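Counting starts at 1 for both ligands and their atoms, in listed order. In this text the structure is predicted, and so the values were computed from the model without any measurement. Start at 1 with the first residue, then count along the sequence.
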Amino acid sequence: MNQITITGGQTIQGTIAASGAKNAVLPILAATIVGQGESHIKHVPHLHDVTTMNELLAQLGAKLTVDHHADITINTDTINNQTAPYETVKTMRASILALGPLVARYGRAKVSLPGGCQIGARPVDLHIKGLQAMGAKIEVQDGYILANCERLKGNRIMMEKVTVTGTENILIAATLAKGETLIENAAIEPEVVDLAKYLKAMGAEITGEGTSKIYVQGKDQLQGTTYSVMPDRIEIGTFLVAAAITGGSITINNSCNDDLDAVFAKLVEAGAEITTTADSVTLNMHGKRPTPVDIRTAPHPAFPTDMQAQFCALNAIADGTSHITETLFENRFMHVEELNRMGANIQVEGNQAMIKGVDTLSGAPVTATDLRASASLVLAGLAATGQTTVHDIHYIDRGYEAIEEKLNQLGAVIVRS
Ligand code: UD1
């Protein structure tokens, strides 16, 4: 079951509900480590990365119950080892999120270095520097980060670069540190805010989340709580592109519209009509071919790198030429070669792609190389003539809940085999 075949040419039309956000639930699950007693996490998406994080927590000794409504109950009082092994971390980089919480609550952690990643080098030096600034003694030995300390101490931490999981690791750790921590140049992504809300619900004292200065007054202990995860803005953006690329229309309920300004703006520029209510978004392309849109990825609130590949697919069939500049990850154009195999005309030079829109893409066998690349190939397959088979589709299950069920519900013809 590692490939899907899409019969292209159907118009995407209908209504779906957004799932919980992958990039919010992963740090929240890691943050259950700093709370005493049970946490009940609701609106958890059924994703491979969530399973991996659950397995990691279970390996540490936490007790987990997953119910059929996708709620998870976790008790981390039973954690009796602080090692995140290579086998787990290599399959999911976000396992690094266990480092801060483990050292904050248990005074030690041994977490494998994530190592190379398909979309670029992605170092974790800023996670390490931040924890060192809070007093953790850190050594890197045999591919593992070994962290120790009595109790972390609050400090002023200046992040040299805006890093999402780096900010999250330090934020979680600071909630149990002695005294005040100030994270400067913090990531302001909505998922960092969602994590802060969960930590606050556990009793943490945090101000400034959603700005580049986050203040944390450390507490002696936090108490597990019930929390519902925010919607997935990247899933929402991807389904909006699915409607736009097929000239169709879609309503997505449970949307977080305020977090999607940059994506909505580019879809409107591409010719879509977008209307919103408090918690839903409707896109209507009125059967039009997209107008090409230039994109430059950057940290929030600018255009998200996690939507770049999907807009490559949209621009591939647009009426004219566009440029996409990727400023976050140096190797994030691996979908381009595959899109070109479907008849797209895209040239990459350094961190820029020049896309000359073609009238039609044609179905072809293609191979997914990472999570968002796999989404862009599925989108291209929807718009293409004939059949597209996307191989190595397992990447998509890391970040999209029930993607083929949702797309089939919207009129697509997709079969997994
Ligand atoms: C998170 C998201 C990912 C998204 C990315 C950028 C999660 C689980 N993943 O990844 O989906 O694409 O944000 O929005 O939330 N960097 C360093 N040193 C560090 C850490 C990062 O140099 O210690 C660099 C990275 O190489 C990259 C940039 O900072 O160039 C941003 O990366 P970062 O925000 O850390 O991405 P992730 O948190 O890994």
Can you check whether [X] has an N/O within less than 3.5 Å of an N/O in ligand 1?
X: Glu189; value: no
X: Glu168; value: no
X: Lys22; value: no
X: Leu26; value: no
X: Phe329; value: no

State if [X] counts as touching ligand 1 under the rule of any non-hydrogen atom under 4.0 Å.
X: Arg332; result: yes
X: Gly166; result: no
X: Ile96; result: no
X: Glu191; result: no

If we ignore angles and hydrogens, is there a donor and acceptor under 3.5 Å between the side chains of Ser19 and Lys406?
->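 Checked: Ser19/Lys406 side chains pair up, N/O donor to acceptor below 3.5 Å.
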Distance filter under 4.0 Å to [X] heavy atoms, resulting ligand 1 atoms:
X: Lys161; answer: 22 (O), 24 (C), 29 (O), 30 (O)
X: Val124; answer: 19 (C), 23 (O)
X: Thr165; answer: 7 (C), 8 (C), 15 (O), 37 (P), 38 (O), 39 (O)
X: Arg93; answer: 39 (O)

Residue part near ligand 1, for [X], under 4.0 Å between non-hydrogen atoms:
X: His127; result: both
X: Thr305; result: side chain
X: Asp306; result: side chain
X: Ile128; result: neither

Do any side-chain atoms of residues 27-35 form donor-acceptor pairs under 3.5 angstrom with protein atoms, and if so which ones, sequence neighbours left out?
| residue | atom | partner | partner atom | Å |
| --- | --- | --- | --- | --- |
| Thr32 | OG1 | Leu29 | O | 2.6 |

Of Arg332, Gln308, Gln352, Arg296, which meets side chain to side chain donor-acceptor pair (under 3.5 Å) against Glu326?
->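 The side chain to side chain donor-acceptor pair (under 3.5 Å) with Glu326 is passed solely by Gln308 among Arg332, Gln308, Gln352, Arg296.
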In Å, rounded to the nearest 0.5 Å, how long is the span from [atom1] of [X] to [atom2] of [Y]?
X: Glu184; Y: Ile157; atom1: CD; atom2: CD1; value: 10.0 Å
X: Arg372; Y: Arg398; atom1: CZ; atom2: CZ; value: 9.5 Å
X: Leu314; Y: Met285; atom1: CG; atom2: CE; value: 6.5 Å
X: His40; Y: Thr65; atom1: NE2; atom2: OG1; value: 9.0 Å

Aromatic ring proximity, centroids under 6.0 angstrom, Tyr144 and Tyr86 |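 No - the distance between ring centres of Tyr86 and Tyr144 does not fall below the 6.0 Å cut-off.
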Out of Pro123, Pro114, Ala24, Ala30, whose heavy atom is nearest to atom 20 (C) of ligand 1?
->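 Of the listed residues, Pro123 has the closest heavy atom.
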Per atom 7 (C) of ligand 1, closest listed option by heavy atom (Asn23, Thr327, Thr167) |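 Of the listed residues, Asn23 has the closest heavy atom.
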Return yes when atom CZ of Arg108 has more than 12 non-hydrogen atoms of other residues, nucleotides or ligands closer than 6.0 Å, and no otherwise.
->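 No - once you tally the heavy atoms of other residues, nucleotides and ligands closer than 6.0 Å, there are 12 at most.
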His48 atom NE2: more than 12 heavy-atom contacts under 6.0 Å =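 Open.
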Salt bridge present between Arg233 and Glu191 (N-O < 4.0 angstrom) =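 Salt bridge present between Arg233 and Glu191.
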Mind checking side-chain hydrogen bond (donor to acceptor under 3.5 Å, both in side chains) for Asp220 and listing every partner two or more places apart, or none if nothing turns up?
->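 If we apply the side-chain hydrogen bond (donor to acceptor under 3.5 Å, both in side chains) test to Asp220, skipping adjacent residues, the hits are Arg151.
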